[in-house]
**Q** 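This structure is in structure tokens; I'll ask about it shortly.
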Amino acid sequence: MKKEKAVKRQKKKEADTVKEKVARMLEIPEEVVSDRPKVTTVGRKEVFIENYRGIIEFTSKIVKINSNYGIITITGKNMRIREITNEDIIITGDIDNIDYVV
């Protein structure tokens with residue numbers, strides 16, 4: 001089972017490499033063709049996450065977001081989801097920290 005997961009991860013890395021090479025050749029920004037999450041912060045009040053897979057946990061103090069490359073944890077106070085779509089999520093509040101766990 002572990003061996004199968006390792007093989008799948010390796011194939012995914014190779015596929016990402018091909019996507020990235022094509023993006024460079026066509027001079028397309030990598031984030032357009034990549035499934036990597038893009039995290040943008042506006043001060044300490046707003047976090048915009050693109051390419052997320054789902055919400056793992058949500059409270060007024062913590063938000064855990066699943067992505068193709070691990071878990072993004074946002075901690076703070078008065079956390080709210082301002083906007084959410086299939087591809088993007090905007091979280092607002094008094095943001096203290098953003099962690100990435102692969």
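No hydrogens, no waters, no symmetry mates; every other heavy atom, side chains included, goes into these values.
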**Q** What residues form a salt bridge (charged side-chain N to carboxylate O under 4.0 Å, His left out) with D88, not counting sequence neighbours?
**A**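 D88 satisfies salt bridge (charged side-chain N to carboxylate O under 4.0 Å, His left out) with no residue once adjacent residues are dropped.
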**Q** Applying side-chain hydrogen bond (donor to acceptor under 3.5 Å, both in side chains), can you list everything that pairs with K61, at least two apart in sequence or on another chain?
**A** none
**Q** Name all residues meeting the side-chain hydrogen bond (donor to acceptor under 3.5 Å, both in side chains) criterion together with E46; count only those two or more places apart in sequence or in a different chain, and write none if there are none.
**A**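 Counting only residues at least two positions away or on another chain, E46 forms a side-chain hydrogen bond (donor to acceptor under 3.5 Å, both in side chains) with R82.
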**Q** Of the options V102, N51, D35, which is the one that meets Y69 in a side-chain contact (heavy atoms from CB on, under 4.5 Å)?
**A** D35
**Q** Pair N68, R53 - check side chain to side chain donor-acceptor pair (under 3.5 Å), show working.
**A** CA-CA 7 Å; N68 289 327; R53 291 180 61 198; 3.2 Å; yes
**Q** Tell me, please, which residues at least two apart from D99 pass side-chain contact (heavy atoms from CB on, under 4.5 Å).
**A** T73, N97
**Q** Could D94 and K45 be called an ion pair, given the rule that one side-chain N must be under 4.0 Å from one carboxylate O?
**A**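 Salt bridge present between D94 and K45.
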**Q** Cluster partners of F48, using ILVMFWY side-chain heavy atoms under 4.5 angstrom, listed by chain and number?
**A** I90
**Q** Roughly how far, to the nearest 0.5 Å, is CG of D96 from CD1 of I62?
**A** 11.0 Å
**Q** Roughly how far apart are T85 OG1 and E83 CD, rounded to 0.5 Å?
**A** 7.0 Å
**Q** Which other residues belong to the hydrophobic cluster containing I89, where Ile, Leu, Val, Met, Phe, Trp and Tyr are joined when side-chain heavy atoms lie under 4.5 Å apart, directly or via other members?
**A**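 Noted: I89 shares its cluster with V39, V47, I49, Y52, I55, F58, V63, I65, I72, I74, M79, I81, I84, I91, I95, I98, Y100.
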